[in-house]
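One structure is given here, and the rest of the page talks about it.
No experiment lies behind these values; they were computed from the predicted model shown. Residue indices begin at 1 and follow the sequence shown.
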Amino acid sequence: MRFSRMRIGELLIQAGVLTRDELKKALDIQKTSSKRIGEILIECEYITEHDLMLALAKQLNIEYVDLDECDIPQEMAMILNENTVMDKHALPIKVENHVMTLAINDPLDYALINDLQIFTKMKINAVLCEKSKIDARAKELYAAKKAYEAAEELNREKEYQEEEEPEDDEELEVIEGDDDDQPVIKMVNTMIEQAVLLEASDIHIEPQKKRMIIRFRIDGRLNVYMRAEISALSAVVSRIKFIGGMNIAEKRLPQDGRLNYRFNGTTIDLRISVLPTIFGEKVVMRITTALNFDMKKEEIGFTPENLEHFNNFLQLSHGIILLTGPTGSGKSTTLYTAIKELNRDDINIITVENPVEMIIPGVSQVEVTGENRGLTFALALRSILRQDPDIVMVGEIRDEETASIAASVAITGHLVFSTLHTYDSPSAIVRLVDMGVAPYMVSSAVAGVISQRLVRKICPECKKAYEATLEDKKILGISSDEPLTLYKGEGCEHCKNTGYKGRTTIHEVMHVTPAIKTAIHAGKSTAEIKEIAISEGMTTLSENCKQIVLNGDTTTEEMLRTCSAESE
């Protein structure tokens, strides 16, 4: 290894990421510290870990590797044990011609490199990488390894049990045990932890004729996590039902449960739904902590104009504010953001939800159990009027009775927030009338409607500019002669080769103005109400999406996928 004669501080100054004054302050601190100068510079926030790695790579004449852009084969987890990798911050990322490429944070640890060469019987090519990135990729790699090992162990155990023909109560005893070494417990725990690491919002466990498929929903799209033998399904589902507080013996009826899971010092909240199918019970676990309910209104994705409209809604003393959109469009996040914004000591807020997705201190939250157990949305709404509320949140308006009561609550001087499953904002008005609510009640009660969708954002790590095609310009409604630069993600390890990372929201905010009230009384159609709203300044979903495409945040493909129904 050939060293550069220049010291690390000088290299950082030369790179333009550090000033001489900052270096002097760090050197003064080092006089009374045993830490390296690089650690001190990072702690003082003079440089980032990435800055230090690039400077070290130059000083030591060693290759720097960005693990976010590396495709690491799963078999790399078989070379070294997890403890060694995590303790030494050294991760195998490639083996070629009996040479192992090792991502390492300290390439001067010659003793470690020599020991690993002896242990693996391979020559080691050390490359430099940030400690945080090595640890993050190692967690992903070894979590997946544990899941497959647990699935294989569970399959072997099931085969053995079938040969021995065990009694049903023996299986339940294994499921309900507290021993984390049991295969089914290891498999379920690892699956949940891997989903959290991958920032998934949902875990799907789906029985097929011969297989059990586990999929994670990441950025709105389902991705296959693993496939296992169908024989493992019963034990996995029983374990999930047990920890979720459900009836293990009931396999013919749908069930709902909830679980708080501790991982990496954080409590992960999961809502669990179990549904019987022809091949067995299907389980969906929603990771509510991944849904970003704890957001500020400025972080939701409103344009400045729509944020102003949203603020106007929050200042109202009465009326219904409706959130519309399909399942998974972020309605609950916006609802909770509004409630938290309005939550004060001098205001009584009561919510009626099914289920309660997030606990808000200071707010009285009622969980609807459904008609089978007696507590419906309508019954809960009638009861809470005797609780002297200022603001009421109804999780969803599903029927005429709930809609009529919500309208009455709004007209009698309360601010009501709720959701409705319609495509756009004007459709919500017609939907309420179709439910059986009198037009005069709708026009008097509804103050505004917000329709929203989630669109995937272009991955910042592989984002590239390109000249817009004729098809792009057609989608955006731009002249074919006009020059236009757009952006897309080429796909990288950071975004799992999808080109997208994370999501943002597009909105359509409609005030129920006097002109719209008149249209409601006259029985106007959705299209006619929409035309009036646009003439009064409403930005449609497609226009909002067009703005973020032109800003370089998403693609025309996402716009077409999200807003195609609007143009039909």
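Within a 6.0 Å radius of NZ in Lys251, no more than 12 heavy atoms belonging to other residues, nucleotides or ligands are found.
A side-chain hydrogen bond (donor to acceptor under 3.5 Å, both in side chains) with Glu558 is found for exactly one of Arg503, Arg456, Lys488, namely Arg456. When the options Thr505, Leu323, Ile321, Thr419 are evaluated for a side-chain contact (heavy atoms from CB on, under 4.5 Å) with Thr334, the one that passes is Leu323. Partner of Met435 under the side-chain contact (heavy atoms from CB on, under 4.5 Å) criterion, chosen from Leu420, Asp399, Val430, Thr402: Leu420.
Evaluation of the salt bridge (Lys or Arg N to Asp or Glu O under 4.0 Å) test over residues 378-397, restricted to residues two or more places apart or in two chains, returns Arg382-Glu401, Glu396-Arg398.
Lys331 contributes no side-chain N or O that, together with a main-chain N or O of His421, makes up a donor-acceptor pair within less than 3.5 Å. Using modelled atom types, no side-chain atom of Asn306 and backbone atom of Pro304 make a donor-acceptor pair closer than 3.5 Å. At distances below 3.5 Å, at least one donor-acceptor pair connects side-chain atoms of Glu49 with backbone N or O atoms of Lys131. Not one N or O on the side chain of Arg344 forms a donor-acceptor pair closer than 3.5 Å with the backbone of Ile347. Of the possible donor and acceptor atoms, none in the side chain of Thr190 sits under 3.5 Å from a partner among the backbone N and O of Met187. A donor-acceptor pair under 3.5 Å links the side-chain atoms of Glu250 to the main chain of Arg252, judged by distance alone. Asn551 places a side-chain N or O within donor-acceptor distance of the main-chain N or O of Gln547, the cut-off being under 3.5 Å. With hydrogens and angles disregarded, a donor-acceptor distance shorter than 3.5 Å links the side chain of Asn311 to the backbone of Leu307. Between the side chain of Gln365 and the backbone N or O of Ile360 there is at least one donor-acceptor pair closer than 3.5 Å. Within the 3.5 Å criterion, the main-chain N or O of Arg215 finds no donor-acceptor partner in the side chain of Asn223.
Atom CD1 in Ile203 sits 6.0 Å away from atom CG in Leu270 (nearest 0.5 Å). Here the straight-line distance linking atom CG of Leu550 with atom OH of Tyr487 works out to 11.0 Å at 0.5 Å rounding. We find the CD1-NE2 distance between Ile213 and His204 to be 12.5 Å, quoted to the nearest 0.5 Å. A distance of 11.5 Å separates CG of Leu560 from OG of Ser542, quoted to the nearest 0.5 Å. Atom-to-atom distance recorded for Arg137:CZ and Ile134:CD1 is 11.5 Å, nearest 0.5 angstrom.
Val188 has its side chain within reach of Val236: a pair of non-hydrogen atoms, C-beta onward, lies under 4.5 Å apart. Side-chain contact check for Ile350 versus Val363: every heavy-atom pair is 4.5 Å or farther apart. Two residues are said to be in side-chain contact when any heavy atoms from C-beta on lie closer than 4.5 Å; Cys545 and Met559 meet this criterion. Within the 4.5 Å cutoff, side-chain heavy atoms of Ile429 are placed close to those of Val442. Thr504 is not listed as a side-chain neighbour of Leu454, based on a closest heavy-atom distance of 4.5 Å or more. Annotation: side chain of Thr303 is not in contact with side chain of Thr539 (no heavy-atom distance under 4.5 Å). The shortest distance between side-chain heavy atoms of Ile339 and Phe417 falls below 4.5 Å. Between Ile185 and Asn189, the closest side-chain pair of non-hydrogen atoms falls below 4.5 Å.
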Query - Working for salt bridge (Lys or Arg N to Asp or Glu O under 4.0 Å), residues Asp269 and Arg258 - result: CA-CA 8 Å; Asp269 185 47; Arg258 194 164 199 150; 3.0 Å; yes
Requested in this report: Evaluate the criterion side chain to side chain contact (heavy atoms under 4.5 Å, CB included) for residue pair Leu253 and Gln255; output intermediate values, then yes/no.
Outcome: CA-CA 6 Å; Leu253 296 175; Gln255 294 190 69; 5.5 Å; no
Query - Test log, rule side chain to side chain donor-acceptor pair (under 3.5 Å), inputs Arg453 and Thr562 - result: CA-CA 7 Å; Arg453 299 288 184 282; Thr562 309; over 6 Å; no
Requested in this report: Let me see the working for Thr422 and Val449 under side chain to side chain contact (heavy atoms under 4.5 Å, CB included), right down to the final yes or no.
Outcome: CA-CA 11 Å; Thr422 62; Val449 187; 5.9 Å; no
Query raised in the report: Step by step, would you call Gln452 with Glu508 a side chain to side chain donor-acceptor pair (under 3.5 Å)?
Result: CA-CA 6 Å; Gln452 65 180 62; Glu508 182 178 88; over 6 Å; no
Query - Ile205/Leu233 under side chain to side chain contact (heavy atoms under 4.5 Å, CB included): CA gap, chis, key distance, verdict - result: CA-CA 9 Å; Ile205 302 170; Leu233 177 72; 4.1 Å; yes
Query raised in the report: Does the side chain to side chain contact (heavy atoms under 4.5 Å, CB included) test come out yes or no for Leu322 and Ile450, once each step is laid out?
Result: CA-CA 6 Å; Leu322 288 172; Ile450 302 171; over 6 Å; no
Query - side chain to side chain donor-acceptor pair (under 3.5 Å) evaluation trace for Glu130 with Ser132 - result: CA-CA 5 Å; Glu130 294 93 333; Ser132 58; over 6 Å; no
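No side-chain donor from either of Glu229 and Ser231 sits under 3.5 Å from a side-chain acceptor of the other. Side-chain contact annotation: Arg262 with Thr267, donor-acceptor N/O pair under 3.5 Å present. In this model, no donor atom of one side chain and acceptor atom of the other lie less than 3.5 Å apart for Thr554 and Tyr500.
For the residue pair Met393 and Tyr336, the shortest heavy atom distance occurs at CE-CE2, 4.2 Å. Taking all atoms of both residues into account, the shortest heavy-atom contact from Cys495 to Gly491 is SG-CA, 3.9 Å. The shortest heavy-atom contact between Ile93 and Leu67 is CG2-CD2, 3.8 Å. A pairwise comparison of heavy atoms in Cys462 and Gly499 identifies SG-CA, 4.3 Å as the closest pair. Of all heavy-atom pairs spanning Thr277 and Pro207, the tightest one is OG1-CG, 3.5 Å. Closest approach of Ala403 and Leu432 over heavy atoms only: CB-CD2, 4.1 Å.
A salt bridge is absent between Asp219 and Lys501: the closest approach of a Lys/Arg side-chain nitrogen to an acidic carboxylate oxygen does not fall below 4.0 angstrom. Using a 4.0 Å cut-off between charged side-chain N and carboxylate O, Lys457 and Asp553 make no salt bridge. By the 4.0 Å N-to-carboxylate-O rule, Glu281 lies close enough to Lys241 to be salt-bridged with it. Here Lys133 pairs with Asp66 in a salt bridge; the nearest charged N to carboxylate O distance falls below 4.0 Å.
In this structure, Tyr261 has no ring-ring contact (aromatic ring centres under 6.0 Å, His included) partners at least two apart in sequence or on a different chain.
In this structure, Lys209 is not positioned above the aromatic face of Phe279 in the sense of NZ or CZ being under 6.0 Å from the six-membered ring centre and within 45° of the axis.
The aromatic rings of Phe313 and His511 are tilted relative to each other, their planes meeting at an angle between 30° and 60°.
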